[in-house]
There are 2 protein chains.
Amino acid sequence: MLSRSHPKPPRTGRPRSAAADEAILEATRASLVDLGWSKLTMSDVATRAGVAKTTLYRRWAGKNELVVDAVAVLFDELELPDLGSLSADVQAVVLQFAALLERPETQTALMAVVAESTRDEALRTRIRDSIVDRQKRLVLQGRQRAQERGELPVEQDEDAASTTADLIFDVIAGAVVHRALVSAEPVDADWARRFTVLLLTGLGAAASA
Amino acid sequence: MLSRSHPKPPRTGRPRSAAADEAILEATRASLVDLGWSKLTMSDVATRAGVAKTTLYRRWAGKNELVVDAVAVLFDELELPDLGSLSADVQAVVLQFAALLERPETQTALMAVVAESTRDEALRTRIRDSIVDRQKRLVLQGRQRAQERGELPVEQDEDAASTTADLIFDVIAGAVVHRALVSAEPVDADWARRFTVLLLTGLGAAASA
DNA sequence: TCCTTACGCTACGACCCGTAGCGTAACTGC
DNA sequence: GCAGTTACGCTACGGGTCGTAGCGTAAGGA
């Protein structure tokens, strides 16, 4: 359900082909795998999708927007299983996120579109709406469960709670991305365990774990 | 000191102009500010630097390598002031790092070259050597000071200590980058304080701080 | 059936890429 | 000084992508 939401879907005339939409996005992912971000071209995607190049430009302004939509759907796979403890839940979601970042299409696309978004306000909100904000639900869900289990205190101040959730989200997502893409080292079960200990109990305790 | 280190600097012939080197890197940074990563071209950099395009290609294989070198030097500014406590030291380095990421040239370049590096092994090691690994010194330095103050235990196992340092580095750098570039929200003193509390004492304590 | 919109195709100017060729400049060893 | 070697600036080039315009055709709605 990509809410690309044309504000005025006209009721007359030939409707846009939904099949072409899906074929284009699929072709974009395939092209990302084969060529990577920088060598991906609109012409190549059009050819792979069996579609005219002009059809791409009728729907997407350019490469940036196209790739965001093509990759966004992959992030909806993430789920937070209830494993009985906050620690187990965090480790599970970290490993899920890491598996997503191991896929070549997300690996090459994610950082690239973020880089582009630093100079494109519209693109930034597009990424925020279709990728980033959707994952915050995992943090909120995990916190609620932990509070129900008594593992975390219930915060009274609504604003402070929201700020804390944002902080935790940046820490988890940032650490996994940095480990996987910048340090380029594996996010395996052992790393996830160590990271979770650090997140839950802090630095002093983590050093001796 | 960019160790681009031509293995064989020939002793004969006309030497390469060091002034041109610096002019090119400076022009690259200026072009990053004005145009951003995607619209930066080799021709534009050459023109700004007052240099022929062929001269660029004699020294750098392409846009990726050039930008890495142009931006790398900026990261050497980071220092870890001794403020008397681990908490204060962490907050200070976080704010320094954030200030660096607010500069448009680093903002647009950093994520872009990392994205490219996912499909280019040589570029990845170049980034690692000239940018990433240099910052780990801050973590090692901070830990040593904290241990001398008695704020952190001295780890016996050498490998485990190294692994922990890598983990902490990914957490700090990742969180700041994610906050600044992906969430696109300010890394101010308050955020740095909250983050530091989380890092040092863990999630349960951070929620009630 | 008429109207409206989407589609495929072709062609186009503009731009950037990366390299080759050439004459000139700068520095070294004899 | 002179010859040898390398760097530099300049021009030119084939190859590729971009994004758009124009046209005839296809697919729905009133």
Side-chain angles (χ1 to χ4, degrees), chain A residues 2 4-28 31-32 34-67 108 112-113 116 119-120 122-123, chain B residues 2 4-28 31-32 34-67 108 112-113 116 119-120 122-123:
Chain A
L2 296 174
R4 208 150 40 261
S5 73
H6 308 276
K8 287 184 182 179
R11 307 194 171 190
T12 177
R14 177 176 175 176
R16 288 197 172 168
S17 163
D21 256 2
E22 195 45 52
I24 291 170
L25 293 176
E26 177 60 35
T28 303
S31 188
L32 279 173
D34 290 350
L35 305 178
W37 163 266
S38 61
K39 294 184 179 176
L40 178 146
T41 69
M42 298 296 267
S43 304
D44 178 70
V45 172
T47 304
R48 286 174 190 256
V51 168
K53 192 173 61 168
T54 46
T55 299
L56 265 70
Y57 283 104
R58 287 193 188 98
R59 305 174 188 218
W60 288 278
K63 185 171 158 174
N64 294 334
E65 291 77 7
L66 173 60
V67 169
T108 188
V113 294
E116 289 303 304
R119 310 207 114 233
D120 185 338
L123 183 61
Chain B
L2 296 174
R4 206 149 40 259
S5 72
H6 309 276
K8 289 184 180 180
R11 307 191 171 190
T12 176
R14 176 175 175 176
R16 288 195 172 170
S17 164
D21 256 355
E22 194 45 53
I24 291 170
L25 293 175
E26 177 60 34
T28 303
S31 189
L32 279 174
D34 290 349
L35 304 178
W37 162 268
S38 60
K39 294 184 180 176
L40 178 146
T41 69
M42 299 295 267
S43 303
D44 177 71
V45 172
T47 304
R48 284 175 192 256
V51 167
K53 193 174 58 167
T54 46
T55 298
L56 265 71
Y57 283 103
R58 287 194 187 97
R59 305 175 188 216
W60 288 278
K63 184 171 160 176
N64 294 334
E65 292 77 7
L66 173 60
V67 169
T108 189
V113 294
E116 291 301 306
R119 310 208 114 231
D120 185 339
L123 182 62

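Keep in mind that the numbers below use all heavy atoms, side chains included, and drop hydrogens, waters and symmetry copies.
Taking only side-chain atoms of B:Thr55, from C-beta outward, the nucleotide of C:dA6, D:dC8, C:dT19 with the closest atom is D:dC8.
Atom CZ in B:Arg11 sits roughly 23 Å away from atom P in C:dA26 (whole-Å rounding). Here D:dT20 presents its P atom at 7 Å from OH of A:Tyr57, a figure rounded to the nearest Å. Rounded to whole Å, atom P of C:dG18 lies 12 Å from atom CG of B:Leu66. When rounded to the nearest whole Å, the span between CG of A:Asn64 and P of D:dT17 equals 18 Å. In this structure, B:Arg16 places its CZ atom 9 Å from C1' of D:dT6, rounding to the nearest Å. A straight line from CD1 of B:Ile24 to C1' of D:dA7 spans 12 Å, rounded to a whole angstrom. Per the geometry, CH2 belonging to B:Trp37 stands 16 Å off P belonging to C:dC16, to the nearest Å. Rounded to an integer number of Å, the gap from B:Leu56 CG to D:dC10 C1' is 15 Å.
Comparing A:Pro15 and B:Lys63, the nucleotide of DNA chain C nearest to each residue sits closer to the 5' end for A:Pro15. Residue order along DNA chain D, read from the 5' end via each residue's closest nucleotide, puts A:Lys39 first among A:Lys39 and A:Thr54.
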What does the list of N/O pairs under 3.5 Å between the protein and nucleotides 22-25 of chain C look like, with a distance for each?
{"from": "C:dA25", "atom 1": "N3", "to": "B:Arg14", "atom 2": "NH1", "distance (Å)": "3.2"}

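Partners of B:Ser17 under the side chain to side chain contact (heavy atoms under 4.5 Å, CB included) rule, at least two apart in sequence or in another chain, are B:Ala19, B:Ala20, B:Arg59. With sequence neighbours excluded, the residues satisfying side chain to side chain contact (heavy atoms under 4.5 Å, CB included) with A:Ala27 are A:Val45, A:Arg48, A:Ala49. Under the rule for a side chain to side chain contact (heavy atoms under 4.5 Å, CB included), the partners of B:Ala52 that lie at least two apart in sequence or sit in another chain are B:Thr54, B:Thr55.
For the atom pair A:Leu66 CG and A:Thr28 OG1, the distance stands at 3.5 Å (nearest 0.5 Å).
The stretch residues 42-53 of chain B touches DNA chain C through B:Met42, B:Ser43, B:Lys53, each having a heavy atom within less than 4.0 Å of the strand.
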In a table with atom names and distances, give each donor-acceptor pair under 3.5 Å that connects a side chain of residues 35-42 of chain B to protein atoms at least two apart or in another chain.
{"from": "B:Ser38", "atom 1": "OG", "to": "A:Glu116", "atom 2": "OE1", "distance (Å)": "3.0"}
{"from": "B:Thr41", "atom 1": "OG1", "to": "B:Asp44", "atom 2": "N", "distance (Å)": "3.0"}

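Residues B:Glu65 and B:Leu123 share a closest heavy-atom pair of N-CD1, 4.4 Å.
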